[in-house]
Structures are given as C-alpha cells and as structure tokens.
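Note sheet for the following structure.
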Amino acid sequence: MAFVGLLLVLIAGIRVFGILEELNGIRVPEGNIKVRGIVSEIDSFGDRFKFVLETKELGKLLVYLDEPEDISLGNEVEVMGEAKEYAEPGNPGEFNLKRYYQIKGITGRIFCDRILKVNSRVRFYDETIRRINLHLNELIREVFPDDEAGTAAAMLIGSKESLEEGVKDLYRSNGIAHLLAVSGLHVSLIGALAKRAAGKLFSNGIGGSVFAIVLVGIYAGVAGFKPPVLRAFTFFVLGTGAEAFGRRNDRITAFFLAAGLILNRNPMLFFDGGFYLSFAAAASFMVLGIFEERERNALRRMRVRGRKNIVSAKGSIVPSFMLFLFTTPIIMKCYYELPLVGTLMNILAIPLMSAFFLLGLLALALSGGNLVLGKAAGSVAVLPLRLIAFCSEKVKVIFGAPFVTGNVSLLRLFLFYGGLVLLLFFIYKRTDPLKKPSPGLLIKIFSLGVLLLSILLVKIPQRDLEITMLDVGQGECLCIRSRPGHCILIDGGSTDVSKVGQYRIIPFLKYNGIRKVDAIFVTHEDEDHISGLLELAKDPGIKVERLYLTCQAAETKAGQELIKAFEDKGEAGLFAKGDNAKSGKLTLSCLYPDKSLVPKDPNQGSMVLRLSYGSFTMLLTGDLEGEGEELLAEELKGEAFSVLKVGHHGSNNGTGETLLEAVQPSLGVISCGIDNRYSHPGKEALQRLEEWKVLVKRTDESGAIRLVTDGNSLKVSVFRTKLVKEKEEGHEK
C-alpha cells in the first residue's frame, strides 16, 4: 500500500506542471471588467466581504466588496469592477503572493462595484458546512473573552480570519505557530473522544469505528478539510480501520497514502511550505511510533520467555525534540530564521494547547444550553492560552528574537533529510529497545546530529562586493555586502508599497542571512526613502550599529523621528562632504552636501556618495537634481564611474547632460514603482541616457537589480527575468 501512495505522489507531480502552465497562461485583463461565474467560497470576516468566483474564461477570481451580500455557495452571479492580476515578487526573500493564490487556484482579483445574482442554486453540503462554521465563529466570540476569541477560533475550528497579527508573530517567533491551525493534534483529541463515546454506544467494533470516523469527519469538514486536517483524518481513518479489523496500523503506508491523496486533490500543494511542514511534523511522530512499536514487540517476546518487562522512560521532551528536528529545515526555508527555543516552548505549549482544546469544546457545548454557563467555562478555558502567551513573551525577552539563518537551498535540504534518515536507521539497528544506549553510542549520535545541523547553518564566505537595488515600488533601498561579511543599507522606503520594511526589506535581509547591518546611510528624509527603515528599527532579529544622516536631514522632524526610532539599535551620526567610511576594499565617500548648505527642499539636500571597490566605482545621487546636480557635475568633471544610480527615480529634472558628460557611466540603475503617479522614469531622462549609450536597468521592469564585482569585472543580474523578456519581445513586435 505504501507503493500506491508513492505512485499517487508521482502522478500528482506529473499533473502539477500542466496545472501550473494553465494558471500561468490565464491573463486577467487589467481595468474594469464584467464577468459571470459560480460562488465557490465566501469569507465574511475581516475588513471586507469577499468570495471566490469560478469562471469559465479566467479561472477563479477573488472578489472584494465593501458591503456584505446575501449570496450562498453555488449561486451564479455577475460582477462588475476593477480587475487586477497578482504580481510576481520583485526581490529575493519576498513572499510570493501570486504563487500563494495559484495554490488555491485563484488567478486574479476584482474590486467589485456591482453584483447581480443570476440564479439561486446552492451547493447544499458546502453551504451547510459554511453556515455551521459561521455559527461557531459567532458563538466563540460570545463565549470567549475578546482578547482570546480570535486565537480560540483558529485553534478550535481553524478559522484564522479574526486572528491578530501580533499573536501570529508571537507564536511563530517561538516555534509554536502550528498550534494556531487545526492539525493532527486536534484530530487526535477529537478522535480519542469519539472512540470513547463509540465504546459506550456500540458493542460492535466495526460499528464503533464507523461512528468515530463519521464524527471526526464532521469536525474535519467544519475545519475546512485543509491539508493538515485531511492528512490527520486520513491517518485516523486508516488507523481506526486497521484496529477494527484486527490488522497492524502501517504508519509508513498511511504517511504516503495521505500525501498522495492530498496532492492529487490539489497538485499545486507541491509549492506550499505549510504542506511540507505538516508532513514533516507527521514524519517525526511516525518515527516515534516505529520505535515504540519495536519496543512493544520486544516486551511481548520477553513475556513469552517469562522474563521481567523493562520499560524505558519517555517524557514529552522526546517528541518535542523530534518535532523540532524534522520541522527546522522547513521553517528555515520558509521564514529564513530559527526559533532556538522551539523545543522548550513545545514541551510547555502542547499540553496546555490540549487542555485548552478540551476545555474550549466543553465551553461551546455548555453554551448551547446556557450562554452564561458557557461564558463562565470560556473564561476558565482561556487560562492555558494566557499562560502560553505569558511564557512566550518571557521567553522572547530572555532569549531574544529567532536566529536569522538565511535561505536553505534544496540541495542542503536533501542532504539534511537524507542524513537524518541514515542516522535514525543507525540508531534503530545499533540500539536495544530495552536497554539504555552506551555513552560511546550517545556521543556518536550527538556528533552526527551536530554535523547534520551544520549542513543547514554553515555558509560559504562571500568573496566579492555585492550591491542590490531592491524593488520597493516608488521608493529606494540599496543593500551593499562586502567580503568581510559587512552589510550597508542606503535608504529604505516607499510611497506605494504598504509596510515595505516588513514585506520587502526585512525578508530580503533575512533571506541572505543578514543579522547585523553595520551602517545605514539616509540620503534625505522623504517618506519614500525612510518609511521601511522605521519598520526595520522595530525588528528585534536584525541589529543596526550606526545610522548616518546629513546635517540638514538631522534637523528636520522626520530626521529626528528616525534617530529616535534607532536609539535602542545603534548610534546616530552625521555624514557630510569630505567624510569617508571604509570596510576592507570598500570605501564610501560623501561628495555632497557640505554642512553649511541650506537646501530649498529635501531633494536639494540629498546625500551623494561615491562607492569605490578596486577599480570599480559607483555614484549614488539620492534625489539630487537641478542646481545641486550642476554643482556636483563641476566637481566630478573627468572622473568616470562604472555605474550611476540615476537620481530622483529617473525624473526628467535630473540626470542632466552636464552630469552625464562629467561621469560617463556605462550602466544606470533606476528605482521606481510600476505605473507610478509621477511617470518615473521620465522620457526625457531615458532619452538622455540612451544618447550617452548608458545601459539602463529599472526595478519596475526587472525587480531587484544585483551587481557583483571583484573590483575589476562587473556582473549584472535581475530578479524578474520573465517580465523583462516579455517586454523585450513586445518591443521587437
């Protein structure tokens, strides 16, 4: 049967390529459209009412409405509104929103102006489950205190719509985020209750098993049959069925069969980190089950021989450590960091979670008869949640933020899990289930475990200078990494990307394993250059040693706010004309402005930097233009630069003939947002660059732009190569 599961996984793997090609081939037209389809999902929580519309031409579309509509699953409706596709990520480490929705089969979104119900056909089963879920959500809000109601809904019925972001971050940073989703733990507890009830109601083992499976199936349906729930339900069905018919519960068969069934239900889950995390957790418990079964068999043989039973002591630390070991690489791959206290917190949190789950179910049951009694029980039930939150906060204070590890390559993942399988096989073969392992064997096992972890954590030292202009929309952020492992940021903000620090800058740093920024240079205090830095100041996982501003920016309200935000991170200083900062072969020199300048606006006071690394030079001009640029050009006349960071996002008022003649760059890089309201970069500026034979790379077309140099040669690469290729083909046509 395990072979059948593997075959199903292989079939799903073949199918996924066709599905992905089909989804990528669907183009949702930008702008106002009218489309008709079937309502397949409804989400009435959060700031907006939204539902999924299944259409013939455009696949599934996510429809947003400002006001709730009286619609049901299965209704055919016609909607009108502004349609948009989900954008590809523009930076390494950035969350792939397009792929996230493709996994759900969704190709685009519509911000609806008008909706017309064409017919009222209803998918009875789906609508019934949805209404039960709605009722339970409302009941949870009434029964549990407001502060814990969102967490309770997530843990009891898998509804995360009202879960606060702060709670998500707290649980994730402590390695217990899996508790916020209905998973194997929940299904196991429901299954245990169902089996106990079946034992009292049925004398027939098969009848009791069917009853238990149906009861657990109803709960799994209310929880949405999400992959972790479906996986746990499959395990429960196979285990209960084996028990009813007197057969051995083959955990390996259950594991692969569940994976095959889930992946064939939705092959796009091959791209879902949550799917792998769920099965990694299941694998850890499967291994424990295999070792426990070996011990039981050994004890059974000893009884036959008339010898005394020897039972090895087991505490919750063993399954918690196994869970940590199996899930750590997936967490590092998805989040680029590792909660070092994950094992400790799971030892504490899993029993508390079990207590809350059972008490929470009791509170909901009591509220059906008497709401006051249900509320009283709900107030008691949340005590384990409050204890988990209290301990999580204390652990965060004591141990600090999760350890930033950087991205884990697929090769290292395979090496780790391959080595882990060999290590477990070694332990299985070399240990007696009824004897304590020898000290020498324990030392060998520990050494092999450390070696395995080093596969994930060891990084190849960087040899060359790497400069990345991040895609932050209409804004600017450059990250410079030099050979000694130093990191420098120049600016970090945006006016058209919300929470640009949280969603673009910080993920990029963590993806690259950057735990410390040696210096941040702020060219000027405009929002599109500092908004993300204010978010970075609040992130405990990344240290910042120094913050540099111009004398002019430091005196402004925005500059003072920035200095205050970083006062707990590192020192703030001034950087003016004539100042230099060095790191190995790398030198940053300030060319403008001097301390006496009184700029008419922030752009005219922009810090201008010369970056030198061997024979490679780069000019970074901030948002300087006009008169300031003319003064700069006079000083730089005859000093050629390898690369020009084009000023003010490619504005027509900048990058004038005088500057281009003075610096004569070979490459110009521009940071600007797609279809931004300023029409950056300007046609005139682009024309001037073309006339001076400057190769131009733009973040709105290319995503992040990466420059790598050893001090002599220069390699240029872009993150969003597909969009660039499409634009080039369009120009040729």
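This chain uses plain numbering: 1 for the first residue, then up along the sequence.
Ring planes of Tyr428 and Phe291: perpendicular class, angle over 60° (limits at 30 and 60°).
Within the 3.5 Å criterion, the main-chain N or O of Asn133 finds a donor-acceptor partner in the side chain of Asn137. The backbone N or O of Leu8 sits less than 3.5 Å from a side-chain atom of Asn264, completing a donor-acceptor pair. Without hydrogens or angle criteria, Ser367 side chain to Leu371 main chain gives no donor-acceptor distance under 3.5 Å. With hydrogens and angles disregarded, no donor-acceptor distance shorter than 3.5 Å links the side chain of Ser278 to the backbone of Gly274. For the pair Lys117 (side chain) and Asp70 (backbone), a donor-acceptor distance under 3.5 Å is present. Remark: side-chain polar atoms of Tyr64 are not paired, donor with acceptor, to backbone N or O of Phe51 under 3.5 angstrom. Glu85 places a side-chain N or O within donor-acceptor distance of the main-chain N or O of Val28, the cut-off being under 3.5 Å. Side-chain atoms of Thr107 come within 3.5 Å of backbone atoms of Leu58 as a donor-acceptor pair (strictly under, hydrogens ignored). Using modelled atom types, one side-chain atom of Ser173 and one backbone atom of Leu170 make a donor-acceptor pair closer than 3.5 Å. For the pair Tyr417 (side chain) and Phe326 (backbone), a donor-acceptor distance under 3.5 Å is present.
Between Arg15 and Phe270 there is no side-chain heavy-atom pair separated by less than 4.5 Å. Counting heavy atoms from C-beta outward, Pro145 and Arg386 have side chains that approach closer than 4.5 Å. No side-chain heavy atom of Leu193 sits under 4.5 Å from any side-chain heavy atom of Leu215. Looking only at side-chain heavy atoms (C-beta outward), Phe49 and Ile42 come within less than 4.5 Å of each other. Residues Val77 and Glu69 form no side-chain contact, since every pair of their non-hydrogen atoms from C-beta on lies 4.5 Å or further apart. With contacts defined as side-chain heavy-atom distances shorter than 4.5 Å, the pair Val122/Leu73 does not qualify. With contacts defined as side-chain heavy-atom distances shorter than 4.5 Å, the pair His186/Tyr219 qualifies. Residues Lys56 and Arg36 form no side-chain contact, since every pair of their non-hydrogen atoms from C-beta on lies 4.5 Å or further apart.
Ring centers of Tyr100 and Tyr86: at least 6.0 Å apart, outside the cut-off.
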With side-chain contact (heavy atoms from CB on, under 4.5 Å) as the test, would you mind laying out the steps for Leu364 and Leu139 before giving the verdict? CA-CA 7 Å; Leu364 290 179; Leu139 190 60; 3.9 Å; yes

What's the verdict on side-chain contact (heavy atoms from CB on, under 4.5 Å) for Met155 and Leu385, showing C-alpha distance, side-chain angles and the deciding distance? CA-CA 10 Å; Met155 289 184 171; Leu385 290 187; 3.4 Å; yes

Go through it in stages, so that I can follow the logic: the residues are Arg172 and Glu337, the test is side-chain contact (heavy atoms from CB on, under 4.5 Å), and I'd like the CA-CA distance, side-chain angles, deciding distance and then a yes or no. CA-CA 10 Å; Arg172 181 181 59 79; Glu337 59 186 15; 2.4 Å; yes

Would you please test Leu288 and Ser284 for side-chain contact (heavy atoms from CB on, under 4.5 Å) and show each step? CA-CA 6 Å; Leu288 283 172; Ser284 71; 5.7 Å; no

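Under the salt bridge (Lys or Arg N to Asp or Glu O under 4.0 Å) criterion, Glu57 pairs with no residue, sequence neighbours left out. Applying the salt bridge (Lys or Arg N to Asp or Glu O under 4.0 Å) test to Arg109 and every residue at least two apart in sequence or in another chain returns nothing. For Arg121, the salt bridge (Lys or Arg N to Asp or Glu O under 4.0 Å) test picks out Glu76, with sequence neighbours left out. Residues forming a salt bridge (Lys or Arg N to Asp or Glu O under 4.0 Å) with Arg412 (at least two apart in sequence, or on another chain): none. Residues satisfying the side chain to side chain donor-acceptor pair (under 3.5 Å) test with Arg294, not counting sequence neighbours, are Thr431. Applying the ring-ring contact (aromatic ring centres under 6.0 Å, His included) rule to Phe279 yields the partners Phe255, Phe275; only residues at least two apart in sequence or on another chain are considered.
The environment of CD in Glu22 is sparse: at most 12 heavy-atom neighbours from other residues, nucleotides or ligands sit within 6.0 Å. Atom CD1 of Ile252 has 12 or fewer neighbouring heavy atoms from other residues, nucleotides or ligands inside a 6.0 Å radius. The 12-atom threshold is exceeded at CD of Glu293, counting heavy atoms of other residues, nucleotides or ligands nearer than 6.0 Å. For Asn119, the CG atom counts as densely surrounded, since its 6.0 Å shell holds more than 12 non-hydrogen atoms of other residues, nucleotides or ligands.
To the nearest 0.5 Å, atoms CG (Leu361) and CZ (Phe356) are separated by 8.5 Å. To the nearest 0.5 Å, atom CG of residue Leu423 and atom CG of residue Leu325 are 8.0 Å apart. Atoms NZ and CG, from Lys98 and Leu23 in turn, are 9.5 Å apart once rounded to the nearest 0.5 Å. Annotation: the span from Arg131 atom CZ to Ser72 atom OG amounts to 4.5 Å, rounded to 0.5 Å. The structure places CE of Met322 at 13.5 Å from CG of Asn346, a figure rounded to the nearest 0.5 Å. A distance of 13.0 Å separates CG of Leu269 from NZ of Lys226, quoted to the nearest 0.5 Å.
Contact between Phe144 and Ala363 at its shortest, heavy atoms only, is CZ-CB, 4.3 Å. The minimum heavy-atom distance between Leu452 and Phe416, with the atom names listed, is O-CD1, 3.4 Å. The nearest pair of heavy atoms linking Gly93 to Pro507 is O-CB, 3.3 Å. Taking all atoms of both residues into account, the shortest heavy-atom contact from Gly217 to Phe225 is O-CZ, 4.0 Å. The two residues Leu413 and Pro329 make their nearest non-hydrogen contact at CD2-CB, 3.3 Å. Shown here for Ala12 and Pro267, the closest heavy-atom pair between the two residues is O-CB, 3.6 Å.
Defined by atom type and a distance below 3.5 Å, a donor-acceptor pair is missing between the side-chain atoms of Asn96 and Gln102.
For Glu165 and Lys168, the salt-bridge test passes: some basic side-chain N is under 4.0 Å from an acidic carboxylate O. A salt bridge does not link Glu41 with Lys104: every distance from a Lys NZ or Arg NE/NH1/NH2 to an Asp or Glu carboxylate oxygen is 4.0 Å or more.
Thr405 pairs with exactly one of Thr328, Ile331, Leu338 by the side chain to side chain contact (heavy atoms under 4.5 Å, CB included) rule, that one being Leu338. Among the candidates Ile110, Val52, Ile26, the single residue satisfying the side chain to side chain contact (heavy atoms under 4.5 Å, CB included) test with Leu61 is Ile110.
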